[in-house]
Amino acid sequence: MAEQSLPEKVRDFLNERHRPYEPYEVKQCPLPCEEWGVCLEEIDMSVWKDEAGKIHIMNDAHRPKDVLLWMDDHVVVGSRRPTSKESKKRMWEKREEIVGEVLECIEKKKWDERFKFKSKKIRKLIAEIMWGDEVAKIVGGRLGVEIEFITIAGESAFESVFDSKGMSDEQILREIAKRHEALEEAYHKYMRSLRQSMRGHGEFKEFYKKVFAEEK
């Protein structure tokens with residue numbers, strides 16, 4: 001029997017450890033600069049190697065673009081419902097502008113701009129992504145693993161990256177396993193805190209009140 005390639009070993013590791021609804025496969029993930037990838041149809045807990053030899057482990061956690069898509073027009077724009085064709089057009093144009101500004105704020109982490117958005121739903125969405133940053137620092141710092149909370153094309157994920165150059169397959173798999181565990185912990189802490197906030201308590205609730213406190 002031929003020896004397995006590294007992507008095949010990573011695939012088997014993820015299927016054994018993560019036990020997804022559908023099995024992981026070695027295939028082209030929807031990610032740039034990829035040498036090989038192991039993933040599901042979505043980014044959810046994917047592992048891929050870029051052209052520079054760095055291994056990326058990602059855990060899908062939030063989709064701010066989808067949240068904005070489902071917000072009512074008048075909620076995003078902050079005005080009454082339009083009554084004419086022309087006012088509907090103006091509202092749609094304004095909505096597109098605001099959604100673009102919100103996504104730029106989130107993707108580029110321009111947190112100083114958060115106070116210009118008046119909608120409570122938008123402010124809460126921005127706070128949820130900011131909280132992802134905090135969770136990455138808390139869990140990564142405690143476990144000694146570098147974790148980032150990144151947003152690309154309106155989707156947010158916890159990510160950990162390491163340079164695999166000069167490493168054996170076994171060393172790479174151990175590094176992936178360590179970072180996989182850290183990302184799983186970050187993901188569960190993040191999602192648990194968001195659920196707790198819906199009941200009016202928890203870490204995120206306190207974080208939200210702090211970051212959006214009225215400026216003195």
Trainee: What pairs with Gln171 under side chain to side chain contact (heavy atoms under 4.5 Å, CB included), at least two apart in sequence or on another chain?
Mentor: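 Side chain to side chain contact (heavy atoms under 4.5 Å, CB included) check on Gln171 returns Met167, Ser168, Arg174.
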Trainee: Can you tell me how far apart CD1 (Ile129) and CD1 (Ile150) are? Round to the nearest 0.5 Å.
Mentor: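 The distance works out to 11.5 Å.
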Trainee: To the nearest 0.5 Å, what is the distance between CZ (Arg95) and CG (Asp72)?
Mentor: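 Atom-to-atom, Arg95:CZ and Asp72:CG are 8.0 Å apart.
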Trainee: Is Lys65 salt-bridged to Glu155, cutoff N-O under 4.0 Å?
Mentor: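 No, Lys65 and Glu155 are not salt-bridged.
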Trainee: Return the CG to CD distance between Asp169 and Glu8, rounded to the nearest 0.5 Å.
Mentor: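 CD of Glu8 is found 11.0 Å from CG of Asp169.
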Trainee: Could you check whether atom CD of Glu181 has more than 12 heavy atoms from other residues, nucleotides or ligands sitting under 6.0 Å from it?
Mentor: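 At most 12 heavy atoms, drawn from other residues, nucleotides or ligands, come within 6.0 Å of this atom.
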Trainee: Can you find a heavy atom in the side chain of Thr151 that is under 4.5 Å from one in the side chain of Pro64?
Mentor: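 They are in side-chain contact.
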Trainee: I would like to know whether Ile176 and Ile172 meet side chain to side chain contact (heavy atoms under 4.5 Å, CB included); could you show each step before the answer?
Mentor: CA-CA 6 Å; Ile176 289 174; Ile172 291 173; 3.8 Å; yes
Trainee: Heavy atoms only: give me the nearest Asp60-Tyr187 pair and the separation to one decimal.
Mentor: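 Looks like O-CE1, 3.3 Å.
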Trainee: Transitively linked via ILVMFWY side-chain contacts under 4.5 Å: Val75 with Phe117?
Mentor: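 Different clusters: Val75 never reaches Phe117 through Ile, Leu, Val, Met, Phe, Trp or Tyr contacts under 4.5 Å.
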Trainee: Looking at Asp163 and Lys54, is any side-chain nitrogen of the basic one under 4.0 Å from a carboxylate oxygen of the acidic one?
Mentor: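 Salt bridge: no.
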Trainee: Distance check, rounded to the nearest 0.5 Å: Glu148 atom CD versus Ser160 atom OG?
Mentor: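 OG of Ser160 is found 9.0 Å from CD of Glu148.
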Trainee: May I have the list of side-chain donor-acceptor pairs in residues 130-138 shorter than 3.5 Å, sequence neighbours left out?
Mentor:
from, atom 1, to, atom 2, distance (Å)
Trp131, NE1, Ser193, OG, 2.7
Asp133, OD1, Lys109, NZ, 2.8

Trainee: Among Gln196, Lys189, Arg192, find the residue that satisfies the side-chain hydrogen bond (donor to acceptor under 3.5 Å, both in side chains) test when tested with Glu203.
Mentor: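 When Gln196, Lys189, Arg192 are each tested with Glu203, the side-chain hydrogen bond (donor to acceptor under 3.5 Å, both in side chains) holds only for Lys189.
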Trainee: Do the non-hydrogen side-chain atoms of Asn59 and Glu159 ever get within less than 4.5 Å of each other?
Mentor: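 The answer is no, as the side chains (C-beta and beyond) never meet within the 4.5 Å cut-off.
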Trainee: Can you check side chain to side chain contact (heavy atoms under 4.5 Å, CB included) on Lys49 and Ser164, steps first, answer last?
Mentor: CA-CA 9 Å; Lys49 182 180 180 181; Ser164 67; 3.8 Å; yes
Trainee: What is the ring orientation for Tyr190 with Phe158, classed by angle as parallel under 30°, tilted 30 to 60°, or perpendicular over 60°?
Mentor: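 Correct class here is perpendicular.
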Trainee: Rounded to the nearest 0.5 Å, how far does CG of Leu68 lie from CD1 of Ile122?
Mentor: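 These two atoms lie 6.0 Å from each other.
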Trainee: Could you check if a side-chain atom of His180 sits within less than 4.5 angstrom of a side-chain atom of Phe13, using non-hydrogen atoms only?
Mentor: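 Sidechains of Phe13 and His180: in contact.
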Trainee: Please tell me if the side chains of Asp12 and Gln4 come closer than 4.5 Å, counting only heavy atoms from C-beta onward.
Mentor: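 When only atoms from C-beta onward are counted, Gln4 and Asp12 do touch, with a gap below 4.5 Å.
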Trainee: Is any side-chain heavy atom of Glu97 closer than 4.5 Å to one of Glu101?
Mentor: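 Glu101 reaches Glu97 side chain to side chain.
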Trainee: Hydrophobic cluster membership, with links at side-chain heavy-atom distances under 4.5 Å among I/L/V/M/F/W/Y: are Phe204 and Met191 in one?
Mentor: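 Phe204 clusters together with Met191.
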Trainee: Is there a path of hydrophobic side-chain contacts, each under 4.5 Å between heavy atoms of I/L/V/M/F/W/Y residues, joining Ile126 to Val211?
Mentor: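 Same cluster: Val211 reaches Ile126 through Ile, Leu, Val, Met, Phe, Trp or Tyr contacts under 4.5 Å.
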Trainee: Any heavy-atom pair between the side chains of Val47 and Met58 that's under 4.5 Å?
Mentor: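 No; the side chains remain at least 4.5 Å from each other.
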Trainee: Taking NZ in Lys116 as the centre, count heavy atoms belonging to other residues, nucleotides or ligands within less than 6.0 Å. Is the count above 12?
Mentor: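 Yes - once you tally the heavy atoms of other residues, nucleotides and ligands closer than 6.0 Å, there are more than 12.
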Trainee: With a 6.0 Å cut-off on the ring centroids, do Phe149 and His62 count as close?
Mentor: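 Phe149 vs His62: aromatic centres not under 6.0 Å.
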Trainee: Can you confirm whether Lys210 is buried at NZ, in the sense that more than 12 heavy atoms of other residues, nucleotides or ligands lie under 6.0 Å from that atom?
Mentor: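 Result for NZ/Lys210: open.
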Trainee: By the definition side-chain contact (heavy atoms from CB on, under 4.5 Å), identify the one residue from Arg199, Met198, Lys205 that meets it with His201.
Mentor: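 Single pass found, and it is Arg199.
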Trainee: Could you pull out the closest heavy-atom pair between Pro7 and Val38, with the gap in Å?
Mentor: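 Heavy atoms of Pro7 and Val38 come nearest at O-CG2, 3.5 Å.
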Trainee: Check step by step if side chain to side chain contact (heavy atoms under 4.5 Å, CB included) holds for Arg123 and Tyr208.
Mentor: CA-CA 9 Å; Arg123 289 158 71 91; Tyr208 175 76; 4.2 Å; yes
Trainee: Quick one: do Glu146 and Arg179 make a salt bridge, cutoff under 4.0 Å?
Mentor: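 Judged by the 4.0 Å cut-off on N to carboxylate O distance, Glu146 and Arg179 do not form a salt bridge.
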Trainee: Determine whether Ile55 and Val161 fall in the same hydrophobic cluster, where Ile, Leu, Val, Met, Phe, Trp and Tyr are linked whenever their side-chain heavy atoms lie under 4.5 Å apart.
Mentor: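 Different clusters: Ile55 never reaches Val161 through Ile, Leu, Val, Met, Phe, Trp or Tyr contacts under 4.5 Å.
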Trainee: What distance separates Ser156 OG from Glu128 CD, expressed to the nearest 0.5 Å?
Mentor: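 Nearest 0.5 Å value for the OG-CD distance: 10.0 Å.
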Trainee: Using the rule that two of Ile, Leu, Val, Met, Phe, Trp, Tyr join whenever any of their side-chain heavy atoms come within less than 4.5 Å, decide whether Leu194 and Val67 are in one cluster.
Mentor: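 Yes, Leu194 connects to Val67 through the hydrophobic network.
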